[in-house]
A.B. asks: 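Before anything else, here's the structure in question.
Both ligands and their constituent atoms are indexed starting at 1 by order of listing.
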Amino acid sequence: MNNDLAELERPALETALAERGHQRFHARQVFAWLYRHGVTDALAMTDLSRELREMLAREFTVSTPSIVRRETSVDGTEKFLLKLADGKLIESVFIPDTPAMTFCISTQVGCAMACAFCLTGRMGLARNLSAGEIVGQVRVLATALDMRDRPFNIVLMGMGEPLHNYDETMKALRILADDNGMGVHPRRVTLSTVGLLPQLEQLAREPIMPNLAISLHAPTDLQRGELVPINRKYGVAEIIAACKRFPLRKRSRITFEYVLLANVNDSPEDARRLAKLLAGVKSKVNVIPLNAAPGIPFERPSDAAIDRFARILAERGVHVSVRKSRGRDIRAACGQLIVEGPRKSPAQQLAVIM
Ligand code: SAH
């Protein structure tokens, strides 16, 4: 039995209360305290009986990541370095006005996917985050930014590959969606993935359905295999086929992220191939000009090359946007989150998955 309240979905908390001779409905109040009011001290949950408060304080803990460092970019983006109960570090990012307020949340400490242009991939995977740690980032940011009563979107685009930590990620989405707690509707959440096929199929059957973003980055297996190693296991055609089957809400589209790398995947031919590949998929393309970093063996294309690529897509009827890089001065931009060295090399870890 888990005695960390941060790890419990409401039904599990109801059961835990019932097992201790308390009424199940008090779980709703506890959720409101934890997630709406940001109160983690059970003794301060003043609408509960004293007996219940004391039982909770005695038998349960509430783990919350602590803020080690907080950096603000010139563009208002804020990067949080957070410490977990076991001392491991992760990063979470607040991106204001995009046009909504957005929290960019991590799902793993590090990442095993080893994408060629991504700094997090250099870390390798240290471990999965628990659902409580994923939701905990949202609790911490909402409190630190004084945003408890304001709407925000969540993108699972921080460190880690969410579908490589499937169960805890889905559990986190259920806790976030709970109306008694934060009530973040799944339509305000975007899950970004390299396209782990079995988990993508599983996601298609979930009752809780976030928006989907696929990190595609190249239109052919030959190119994508070099950039996203897992492509050698789950290829472009299979991913596109799974996307075509993916159930979508009315008017919603799958986002395809495409990190644009000078002279690697930014040619007019690449753009035409991409447009052809996505014909028949309810899609939009988000072009992300590379955020360069020391040790990343690629270059950002010129503005002219970026425009040309986007224009060819648009001319072929593809919905396309170019992602404005946010927080680059504090290394909070896409692919720039990194905190500590790997145990095993990323290549060794990836070999296990493939
Ligand atoms: N693992 C998931 C979630 C991370 S999302 C995924 O890959 O989708 C982070 C996004 O930033 C991904 O689309 C990733 O490909 C992109 N990215 C990684 N490194 C980058 C870089 N150096 N410049 C720009 N985007 C990058």
Side-chain angles (χ1 to χ4, degrees), residues 77 79 90-93 95 98 102-125 128-129 134 137 153-166 169 172-173 189-197 199-200 203 210-218 223-224 226-231 234 239 243 254-262 264-266 283-301 306 309 321-338 346 349-350 353:
T77 299
K79 183 167 80 169
I90 53 168
E91 291 181 321
S92 318
V93 180
I95 314 154
T98 49
T102 302
F103 294 170
C104 179
I105 298 299
S106 296
T107 54
Q108 297 180 310
V109 183
C111 186
M113 296 298 120
C115 297
F117 44 76
C118 180
L119 274 185
T120 306
R122 293 296 160 91
M123 293 172 60
L125 177 66
N128 281 331
L129 295 184
I134 296 170
Q137 296 166 67
N153 296 335
I154 294 175
V155 294
L156 300 179
M157 298 188 185
M159 297 173 140
E161 165 51 49
L163 294 189
H164 190 213
N165 182 18
Y166 189 92
T169 297
L173 295 189
V189 179
T190 299
L191 184 153
S192 179
T193 175
V194 293
L196 303 182
L197 217 51
Q199 290 87 342
L200 198 55
L203 184 66
N211 301 304
L212 182 61
I214 302 279
S215 287
L216 190 64
H217 310 318
Q223 288 164 298
R224 192 168 190 261
E226 293 293 317
L227 301 174
V228 183
I230 197 78
N231 191 77
Y234 307 117
I239 293 176
C243 287
I254 297 176
T255 301
F256 288 86
E257 294 155 291
Y258 195 104
V259 174
L260 211 56
L261 310 166
V264 174
N265 64 358
D266 65 341
S283 59
K284 54 189 174 192
V285 171
N286 195 197
V287 173
I288 316 174
L290 176 77
N291 293 311
I296 298 294
F298 299 101
E299 280 170 35
R300 184 186 182 89
I306 298 168
F309 192 88
S321 58
V322 177
R323 190 178 293 181
K324 251 181 78 187
S325 179
R326 305 283 303 247
R328 258 197 292 167
D329 54 331
I330 55 168
R331 287 229 309 222
C334 300
Q336 297 194 307
L337 305 182
I338 184 164
Q349 295 183 329
L350 191 64
I353 304 164

A.B. asks: Got an N/O contact under 3.5 Å between Pro162 and ligand 1?
C.D. replies: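 No: no nitrogen or oxygen of Pro162 is under 3.5 Å from one in ligand 1.
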A.B. asks: Ligand 1 versus Thr193, non-hydrogen atoms closer than 4.0 Å: side chain, backbone, both, neither?
C.D. replies: backbone
A.B. asks: Taking atom CZ of Arg300 as the centre, report whether more than 12 heavy atoms of other residues, nucleotides or ligands fall under 6.0 Å from it.
C.D. replies: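 It does: Arg300 CZ has more than 12 such atoms within range.
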A.B. asks: Counting from 1, what ligand 1 atoms have a heavy atom of Gly160 closer than 4.0 Å?
C.D. replies: 1 (N), 2 (C), 3 (C), 4 (C)
A.B. asks: For Gly158, take its heavy atoms, then give the atoms of ligand 1 lying under 4.0 Å from any of them.
C.D. replies: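 With Gly158 as reference, the close atoms of ligand 1 come out as 4 (C).
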A.B. asks: State the atoms of ligand 1, each with its element, that fall below the 4.0 Å cut-off from a heavy-atom position in Ile288.
C.D. replies: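 Listed by number with element, the hits are 24 (C), 25 (N).
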A.B. asks: Side chain or backbone, does Val259 bring an N or O within less than 3.5 Å of an N or O on ligand 1?
C.D. replies: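 For ligand 1, there is no N or O atom that lies under 3.5 Å from one belonging to Val259.
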A.B. asks: If you have a sec, work out which protein heavy atom is nearest atom 21 (C) of ligand 1 and how many Å separate them, to one decimal?
C.D. replies: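 Its nearest protein heavy-atom neighbour is Cys334 O, 3.3 Å.
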A.B. asks: Among Ile105, Leu337, Val155, whose side-chain contact (heavy atoms from CB on, under 4.5 Å) with Val93 holds?
C.D. replies: Leu337
A.B. asks: Give me the one residue out of Thr169, Thr107, Leu196, Val194 that meets side-chain contact (heavy atoms from CB on, under 4.5 Å) with His164.
C.D. replies: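 The side-chain contact (heavy atoms from CB on, under 4.5 Å) with His164 is passed solely by Leu196 among Thr169, Thr107, Leu196, Val194.
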A.B. asks: Are the side chains of Thr193 and Leu212 in touch, meaning some heavy atoms are under 4.5 Å apart?
C.D. replies: yes
A.B. asks: Is there a side-chain contact between Ser215 and Val228 (heavy atoms, below 4.5 Å)?
C.D. replies: no
A.B. asks: Quick check: Arg323 and ligand 1, any N/O pair under 3.5 Å apart?
C.D. replies: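 By distance alone, the answer is no.
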A.B. asks: Minimum distance, heavy atoms only, to atom 2 (C) of ligand 1: which one of Ser325, Ala292, Ala213, Ser192 is it?
C.D. replies: Ser192
A.B. asks: Heavy-atom pairs closer than 4.0 Å: do any link ligand 1 to the side chain of Glu257, the backbone, both, or neither?
C.D. replies: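 Only the side chain of Glu257 comes within reach of ligand 1.
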A.B. asks: Please report the closest heavy-atom contact between Arg323 and Pro289, naming both atoms and the distance.
C.D. replies: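 That closest heavy-atom pairing would be O-CD, 3.7 Å.
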A.B. asks: What part of His217 sits under 4.0 Å from ligand 1 if we count only heavy atoms: the side chain, the backbone, both or neither?
C.D. replies: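 It is the side chain that gets close, since no backbone atom is under 4.0 Å.
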A.B. asks: Tell me the nearest of Gly195, Pro289, Ser215, Ala112 to atom 13 (O) of ligand 1, using heavy-atom distances.
C.D. replies: Ser215
A.B. asks: Side chains of Thr190 and Thr255, heavy atoms from C-beta outward: is any pair under 4.5 Å?
C.D. replies: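 Side-chain contact under 4.5 Å: no.
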